[in-house]
Amino acid sequence: MNNNGDADGGDADGRVEWAVVGSDIGPLLLAATDAGLVSVVFHAGPAVRDRAVGLLRTRLGTEPVEAPGSERLAEPIRQLVEYFAGSLREFSLDLDWSLTSGFNRQVLRELATGVPYGTVVGYGDLAARVGQPGAAQAVGAAMGSNPLPVVVPCHRVVESDGGLGGFGGGLETKRQLLALEGVLPQPLF
């Protein structure tokens, strides 16, 4: 299974394993279940990490286990390293969609499969792609609640007038990701 997979929980052993890994945009917390990668959290310093683990506990109903050497996390970590090195343009990971549902899940799945590396899409255009023209604000809300940023590339969603729009990881992080993908120029300094 990959980005198109239908995994939505059903974790066979009930474990959620997580680790914090370094990246070009700062520390990322990655969490995975038996079904696949379930969460990516930006700026995962101690306070953010503790809050993220608490939310996983509440939302998934189990105690997340810190597991830096986790087999479940090995492939997501490997692919993220390749992505930040510029050698991976498309993630092929099992994803656990259990932290999103309904319209948000529909929009995020379309984003994951229909907006390739190095391209952007407007909020309204993405709304139209899922059959909800005029739902640009709802698409913005879906991007803000994306449990799998970078892997499900909400940084590729921009305003129709060329503005960056919002971003849960902060606009500087969005700029860095878009520059990595060649959409924006790399900073001079």
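FYI, side chains are in, hydrogens and waters are out, and symmetry mates aren't considered; it's all heavy atoms of this structure. Numbers for residues simply follow the sequence, beginning at 1.
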Aromatic rings Phe91 and Tyr83: how do their planes relate, parallel, tilted or perpendicular, breaks at 30° and 60°?
tilted
Is there a donor-acceptor contact under 3.5 Å from the side chain of Arg156 to the main chain of Val115?
yes
With sequence neighbours left out, what residues match Arg129 under salt bridge (charged side-chain N to carboxylate O under 4.0 Å, His left out)?
Glu110
To the nearest 0.5 Å, how far apart are OG1 in Thr173 and CG in Asp24?
11.0 Å
Distance-minimising heavy-atom pair for His155 and Glu181:
NE2-OE2, 2.8 Å
In chain order, what residues pass the side-chain contact (heavy atoms from CB on, under 4.5 Å) check against Arg57, with sequence neighbours excluded?
Val53, Glu63, Pro64
Check against side-chain contact (heavy atoms from CB on, under 4.5 Å), Arg49 and Trp18
CA-CA 10 Å; Arg49 179 199 64 218; Trp18 65 273; 3.3 Å; yes
Transitive ILVMFWY side-chain link Leu73 to Val21, under 4.5 Å:
yes
Test item: Asn146 side-chain N/O and Val152 main-chain N/O as donor-acceptor pair under 3.5 Å:
yes
Let me confirm one number: the CD-OG1 distance from Glu90 to Thr113, rounded to the nearest 0.5 Å.
9.5 Å
Are Phe42 and Leu28 close enough, and set up right, to give a side-chain contact (heavy atoms from CB on, under 4.5 Å), and what steps lead you there?
CA-CA 5 Å; Phe42 293 116; Leu28 299 173; 3.7 Å; yes
Have a look at Val157 and tell me which of Val120, Leu111, Leu164 forms a side chain to side chain contact (heavy atoms under 4.5 Å, CB included) with it.
Leu111
Minimum heavy-atom separation for Ala67 to Ala19, with atom names?
O-CB, 4.1 Å
Intermediate values then yes/no, side-chain contact (heavy atoms from CB on, under 4.5 Å), Leu177 and Phe84
CA-CA 9 Å; Leu177 292 168; Phe84 285 110; 3.8 Å; yes
Taking all heavy atoms of Ala52 and all of Leu29, pick out the closest pair and write down the distance.
CB-CD1, 4.4 Å
For the backbone of Glu82 and the side chain of Ser87, can you confirm whether one donor and one acceptor N or O come within less than 3.5 Å of each other?
yes
Got a second to check how far Glu75's CD is from Ser70's OG, nearest 0.5 Å?
12.0 Å
Quick one: pull up CG in Leu99 and CZ in Arg59 and give me the separation to the nearest 0.5 Å.
5.0 Å
Among all residues two or more places apart in sequence or in another chain, which pass the salt bridge (charged side-chain N to carboxylate O under 4.0 Å, His left out) test with Glu159?
none
Walk me through whether Leu108 and Leu148 qualify under side-chain contact (heavy atoms from CB on, under 4.5 Å).
CA-CA 9 Å; Leu108 292 170; Leu148 295 160; over 6 Å; no
Membership question, hydrophobic clusters at under 4.5 Å side-chain separation (ILVMFWY): are Tyr117 and Leu95 in the same one?
yes
Within the distance-only criterion (no hydrogens, no angle test), does the side chain of Thr62 pair as donor or acceptor with the backbone N or O of Gly14 below 3.5 angstrom?
yes
Between Leu56 and Ala31, which heavy-atom pair has the shortest distance, and what is it?
CD1-CB, 3.6 Å
Is there a continuous path of hydrophobic side-chain contacts, each under 4.5 Å between heavy atoms, that joins Val65 to Leu37?
no
Hphob cluster co-occupancy, Ile77 + Leu180, side-chain heavy atoms under 4.5 angstrom:
yes
If every non-hydrogen atom of Ala136 is compared with every non-hydrogen atom of Ala127, which pair is closest and at what distance?
N-CB, 4.0 Å
To the nearest 0.5 Å, what is the distance between NZ on Lys174 and CE on Met143?
9.5 Å
Using the rule that two of Ile, Leu, Val, Met, Phe, Trp, Tyr join whenever any of their side-chain heavy atoms come within less than 4.5 Å, decide whether Val40 and Leu55 are in one cluster.
no
Between Pro153 and Ala112, which heavy-atom pair has the shortest distance, and what is it?
CD-CA, 4.1 Å
What is the distance from atom CZ of Arg72 to atom CG of Leu30, rounded to the nearest 0.5 Å?
14.0 Å
